[in-house]
Number of protein chains: 2
Amino acid sequence: MSAGLTERRQTILKLVIQEFVETATPVASETLVRKFGLGISSATVRNELAALEELGYLTHLHTSAGRVPTDAGYRFFVENLMERTTLSLAEQRTIQHQFYQVRGELDQWIQLAGAVLARTAQNASLVTPPRAAERLRFRSLELIAIHESMALAVFVFHGGIVKQQTFTLDTARAAEELRRSAARLSDALSDLTVSGIEELATRDAGLPRPTFSEFEHGVIDSLVRAMQAFEEQAQEQIHSDGLLEMLSQPEFIPALARDDAERAVARMRRALEILKSGRGLGTLIPQALASDGVQVIIGGENSADEMREYSVVLARYGVDRAIAGVLGIIGPTRMAYPRSISTVRYISSLMSNLLAELYNAEGRAPESGAP
Amino acid sequence: MSAGLTERRQTILKLVIQEFVETATPVASETLVRKFGLGISSATVRNELAALEELGYLTHLHTSAGRVPTDAGYRFFVENLMERTTLSLAEQRTIQHQFYQVRGELDQWIQLAGAVLARTAQNASLVTPPRAAERLRFRSLELIAIHESMALAVFVFHGGIVKQQTFTLDTARAAEELRRSAARLSDALSDLTVSGIEELATRDAGLPRPTFSEFEHGVIDSLVRAMQAFEEQAQEQIHSDGLLEMLSQPEFIPALARDDAERAVARMRRALEILKSGRGLGTLIPQALASDGVQVIIGGENSADEMREYSVVLARYGVDRAIAGVLGIIGPTRMAYPRSISTVRYISSLMSNLLAELYNAEGRAPESGAP
DNA sequence: GTTAGCACTCACACGCGGAGAGTGCTAAAC
DNA sequence: GTTTAGCACTCTCCGCGTGTGAGTGCTAAC
């Protein structure tokens with residue numbers, strides 16, 4: 001029976017997937033001929049479907065239900081059958097416009113990227129902040145009195161990263177004094193990493209006559225804490241959005257989900273947990289950081305069992321390897337892959353360009369009409 | 001039959017509510033006598049329950065199901081029956097410790113407050129950032145070169161609010177020049193509000209020989225945009241957390257929800273929408289901002305129909321009226337009100353103290369053992 | 001290789017009936 | 001007058017069987 005993946009079988013596979021993605025119901029042989037008017041009868045289609053099933057690209061929930069793609073089926077579709085598209089120019093323009101509106105604010109870019117991904121692909125999205133491959137390097141700091149016993153420190157790092165922290169003063173200090181301290185510290189610590197700063201501070205504290213005052217050492221402590229906190233959490237931090245978009249997919253709506261309402265809800269809860277904790281994504285993000293182009297992980301291909309029903313479309317964005325983050329889409333395996341992929345590709349190149357501008361380096365050119 | 005709310009009826013009402021809150025199942029007359037050994041028979045209890053129902057404090061889903069509190073029932077409970085508790089000292093200490101760990105970072109406080117509220121009350125939480133009653137007032141700015149054609153502006157406002165923004169430079173500028181511009185602008189614009197700054201800028205631009213360079217006007221534009229954006233969105237911005245905690249309440253678990261699985265899911269989706277969009281909260285937050293103490297809004301008492309199944313426990317926090325935000329808990333009407341209220345009260349006083357410290361004013365003392 | 005025809009298989013919806021839980025009522029006891 | 005025992009009544013929930021329809025798999029003819 002099975003004579004490999006003939007041309008016709010590929011066509012049929014493609015149609016099954018497209019139809020299933022659109023309708024979310026198992027697709028029947030009859031439907032295929034009716035809807036797409038292939039020049040053959042439903043019986044023939046059934047034979048082909050059976051062959052595709054034997055080859056592992058389709059399944060059956062039970063005897064008398066239409067066919068549903070397997071992970072392998074989606075994989076083959078993504079790899080060989082699907083036509084690569086790009087977002088329409090109108091969409092691109094809209095998106096660019098939105099990014100223009102929040103120009104200059106990295107945090108907003110991230111948020112916006114998440115929102116746009118979610119809306120465009122009608123699924124949940126995730127974005128990690130761009131992270132420098134190297135360790136955080138100090139640049140300068142400012143000290144600003146808020147009132148007598150309280151000051152605000154603004155720490156600026158290479159790469160335009162800014163952290164702020166308030167702290168209490170043991171005694172009141174004049175604005176001038178604060179400015180002097182800030183200048184001294186900015187000079188002394190400039191370009192150092194955490195470890196460098198820590199080393200310098202302990203060395204200084206050990207001197208018979210330390211260069212820095214007790215107060216200044218306090219500021220350094222605060223700085224070190226901020227840097228450590230940042231470096232620790234930078235790994236973990238995943239911004240996600242589009243929960244509602246994803247949950248409006250039929251998989252999560254009991255009335256539409258073919259199987260039990262129970263299931264739909266369990267799925268919903270699981271999806272929430274994945275998004276909140278990032279569990280199940282595990283190695284995916286580091287992997288995406290190390291790769292080029294758009295990564296597609298379908299169902300249980302990779303990783304954890306809890307991801308068996310979900311696919312992830314990820315891409316790195318950033319400037320070379322120097323500074324990079326990951327963004328992408330997560331949703332049911334029944335996902336409009338062409339659209340998801342082109343969306344992810346477009347947003348990643350857009351973000352890359354924005355970052356490149358920020359870092360004055362050349363990013364990869366977006367697929368068309370970059371801002 | 002109905003001779004008003006006798007002592008005994010109040011006791012029974014209280015027990016019904018406590019039992020229902022705990023078990024999430026309608027409570028039967030038999031259960032009450034068995035579990036709490038009141039010295040009367042179930043028949044008597046039934047009579048009393050019927051009376052309470054007639055008075056509007058309880059209902060019936062159908063004939064042969066136990067009683068369920070109405071909104072009015074909860075209201076009476078909250079107002080008159082419930083005993084006010086405080087969080088245990090151990091809990092208070094744990095919470096204080098967590099806040100100590102993120103000392104100095106307002107954003108983190110907000111996040112932490114949300115997380116702690118959610119975990120402690122096992123429901124969703126919401127926190128709005130503290131907002132000054134007055135308009136945003138500028139304090140100073142710093143300009144930092146990132147590379148030749150890009151600079152980072154750090155705007156500092158009264159109240160320790162810091163915004164950052166990158167922008168492109170038309171021509172390269174020396175660090176010294178940037179510093180001078182920053183100093184000039186800081187001096188000139190200090191203590192002004194947006195409108196003040198805008199006015200000054202247009203006046204200056206109209207002069208035959210403007211005080212500020214074109215570049216400096218660019219910085220001012222950027223500043224004005226940042227201030228406007230902040231003032232606009234400050235209203236809207238609601239940080240929420242604890243979705244998962246809330247969704248682990250039986251109301252959202254089809255197997256446990258007495259009614260349809262359908263319903264449970266619809267509820268779930270509705271809850272999501274409320275949290276994401278803040279719709280349905282409508283006037284609640286401004287109201288809470290204007291009131292003292294903890295506000296409890298039960299079910300459909302206030303506002304929108306979509307909130308009919310939810311209660312909200314809110315409190316203002318901050319320093320007097322000068323600077324204030326709102327934080328609270330949202331969850332099914334079947335909520336452990338005493339615990340929710342004490343949690344909200346405690347966290348709000350904690351946050352008030354932290355803010356007071358920041359602003360060097362006296363906050364309301366927390367109910368016990370402030371940090 | 002293709003197709004018509006047909007038996008076969010399941011999920012799904014519907015209806016039914018029994019079991020169980022709790023109430024509401026009534027009449028007697030306190 | 002209040003309390004209580006007793007009991008009928010109501011309504012949900014659950015399991016069961018059954019009919020229906022969708023869709024397949026197979027077979028035999030083209």
Value rounded to 0.5 Å, distance of CG in Leu5(B) from CG in Leu13(B):
7.0 Å

What is the distance from atom NZ of Lys276(B) to atom CG of Leu243(B), rounded to the nearest 0.5 Å?
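CG of Leu243(B) is found 11.5 Å from NZ of Lys276(B).
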
Between [atom2] on [N] and [atom1] on [X], what's the gap in Å once rounded to a whole number?
| X | N | atom1 | atom2 | answer |
| --- | --- | --- | --- | --- |
| Glu30(A) | dA4(C) | CD | P | 10 Å |
| Arg67(A) | dA22(D) | CZ | P | 18 Å |
| Arg34(A) | dA22(D) | CZ | C1' | 12 Å |
| Glu48(A) | dT24(D) | CD | C1' | 15 Å |
| Ile12(B) | dT2(D) | CD1 | C1' | 14 Å |
| Asn47(B) | dA27(C) | CG | P | 15 Å |
| Leu49(B) | dA21(C) | CG | P | 18 Å |
| Leu58(A) | dG23(D) | CG | P | 15 Å |

Name the nucleic acid region contacted by Ser42(B), choosing base, sugar-phosphate or nothing; use a 4.0 angstrom heavy-atom cut-off, strictly under.
nothing

Applying a 4.0 Å non-hydrogen cut-off, can you work out what Ala28(B) is touching in the nucleic acid: base, sugar-phosphate, or nothing?
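The answer is sugar-phosphate, as Ala28(B) gets under 4.0 Å only of primed atoms, P, OP1 or OP2.
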
One pair to check against side-chain hydrogen bond (donor to acceptor under 3.5 Å, both in side chains): Gln122(A) and Arg339(A). What are the steps and the verdict?
CA-CA 10 Å; Gln122(A) 284 296 302; Arg339(A) 184 160 175 86; over 6 Å; no

Can you check whether Leu281(B) reaches Met307(B) side chain to side chain, under 4.5 Å on heavy atoms?
yes

For residues 71-79 of chain B, run the donor-acceptor check on the side chains, cut-off 3.5 Å, and write out each pair with its distance to 0.1 Å, sequence neighbours left out.
unit_1   : atom_1 : unit_2    : atom_2 : d
Asp71(B) : OD2    : Gly300(B) : N      : 3.1
Arg75(B) : NE     : Glu301(B) : OE2    : 2.9
Arg75(B) : NH1    : Glu79(B)  : OE1    : 3.0
Arg75(B) : NH2    : Val296(B) : O      : 2.7
Arg75(B) : NH2    : Glu301(B) : OE1    : 2.6
Arg75(B) : NH2    : Glu301(B) : OE2    : 3.3

Can you list the steps and then say if Glu245(A) with Arg119(A) is a salt bridge (Lys or Arg N to Asp or Glu O under 4.0 Å)?
CA-CA 7 Å; Glu245(A) 279 84 355; Arg119(A) 189 160 31 73; 5.9 Å; no

Please tell me if His60(B) has a side-chain N or O lying less than 4.0 Å from either OP1 or OP2 of dG24(C).
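Checking His60(B) against dG24(C): at least one side-chain N or O falls below 4.0 Å of OP1 or OP2.
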
Determine: side-chain N/O of Thr44(B) to OP1/OP2 of dT3(D), distance under 4.0 Å, yes or no.
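For Thr44(B), the contact criterion (side-chain N or O under 4.0 Å from OP1 or OP2 of dT3(D)) is not met.
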
Can you tell which of Glu30(A), Glu48(A), Glu53(A) makes a salt bridge (charged side-chain N to carboxylate O under 4.0 Å, His left out) with Arg67(A)?
Glu53(A)

Taking N or O atoms only and anything under 3.5 Å, show me the protein contacts with nucleotides 6-9 of chain C, one pair per line.
unit_1 : atom_1 : unit_2   : atom_2 : d
dT9(C) : O3'    : Thr63(A) : OG1    : 3.1

